[in-house]
Amino acid sequence: MHPAPSIIAFTVFSGLGFGMLAFLGLGKPDVSGFTGFVFFFIAFALAVGGLISSTFHLGNPQRALKAFSQWRSSWLSREGCLAVATLSVMGLYALLIIFFNTRVPVLGILGALLCVATVFATSMIYTQIKTVPRWNHWTVPVLFMGYALTGGAFLTGQVRIAAAGLITMGLFQLIAWGLGDGRFAKSGSTIETATGLGRIGKTRMFEAPHSSKNYLMTEMVHVVGRKHATKLRIIGLVFMSLLPWAILMFLNFSHLMALVALVMHVAGVLTIRWLFFAEAEHTVGLYYGARG
């Protein structure tokens with residue numbers, strides 16, 4: 001799949017925002033007044049900014065509102081509805097804290113659950129796609145929610161939770177890669193099954209289906225070399241997990257070092273999320289002489 005910058009930004013930054021809101025909903029940290037305003041402003045900016053960035057990937061952004069009408073069958077629509085519900089509940093929760101110094105635990109818990117549900121819905125947009133075997137797996141929702149909650153712990157200063165999340169997500173990402181690498185081959189999809197010509201023997205491409213790029217080639221066909229993918233996986237894991245964990249665990253805590261660790265973590269997550277799309281092998285690629 002082609003890794004569109006707008007979708008990478010959407011999945012990473014909205015996840016960070018909703019993860020941060022989830023912890024704030026649970027009263028971690030217990031903020032109020034101007035401090036509360038700063039925390040909630042950052043969380044809402046990340047969540048809303050990420051959602052807005054996703055509209056740049058739409059063919060007709062002005063029709064984005066129509067996505068809310070298909071909630072019965074579309075995970076994209078469910079994500080939109082859940083996002084609105086989450087931001088509404090958390091908005092009321094934040095106003096009560098900032099202006100009235102009143103925290104309503106039930107409202108916060110509801111908002112936190114909605115945050116997790118929104119991230120889950122985002123992950124299901126990709127998990128449901130059977131034509132991308134690497135995505136069509138239970139590890140994808142776990143990865144999305146794990147990264148969101150780890151980032152949320154980071155942003156709200158929950159050092160122990162963040163440190164545990166960094167190591168856990170690093171290990172789980174390795175497991176997800178190990179399980180995902182062979183899923184396309186195991187799916188049984190080949191150029192013979194794609195064209196229906198397998199009954200007459202081995203099939204190969206005579207020439208490209210199109211003389212120039214089209215939508216399918218732009219969006220669905222992208223091949224990243226194995227050597228480059230391995231390097232990017234290592235870089236992503238080091239920045240996403242190992243370096244931030246080492247800073248949190250072995251260096252004296254300071255806001256500056258926490259910021260450095262956070263920047264490293266986000267850079268690592270962006271790299272890994274780029275690979276999430278770049279390594280996704282869509283079966284339509286078989287028609288173009290590629291697996292991705």
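A donor-acceptor pair shorter than 3.5 Å can be found between the side chains of T86 and T118.
Two rings, from H265 and F154, have their centers less than 6.0 Å apart. Ring centers of F276 and F144: under 6.0 Å apart, within the cut-off.
Counting non-hydrogen atoms of other residues, nucleotides and ligands closer than 6.0 Å to CZ of F10 gives a total above 12.
Remark: side-chain polar atoms of T127 are paired, donor with acceptor, to backbone N or O of S123 under 3.5 angstrom. Using a distance-only test at 3.5 Å, with no hydrogens or angles considered, a donor-acceptor pair links the side chain of T102 to the main chain of F100. No side-chain donor-acceptor contact under 3.5 Å links T156 to the backbone of P29.
Here the side chains of E79 and V119 are not in contact, with every heavy-atom distance at 4.5 Å or above. Side-chain contact between Y126 and T11 is present, with heavy atoms from C-beta onward closer than 4.5 Å. Annotation: side chain of P141 is in contact with side chain of M124 (closest heavy-atom distance under 4.5 Å). Looking at N136 and V132, their side chains never come closer than 4.5 Å, going by heavy atoms from C-beta outward. Put simply, the side chain of W135 does not reach to within 4.5 Å of the side chain of R183, judged on heavy atoms.
Interatomic distance, CG of L143 versus NE2 of H137, reported as 10.5 Å (0.5 Å rounding).
The shortest non-hydrogen separation linking T271 to L232 is CG2-O, 3.6 Å.
F239 and I234 fall within the same hydrophobic cluster, defined by Ile, Leu, Val, Met, Phe, Trp and Tyr side-chain heavy atoms under 4.5 Å apart, directly or through other members.
Taking the ring centre of F120 as origin, the terminal cationic atom of R78 falls outside the region bounded by 6.0 Å and 45° from the ring axis.
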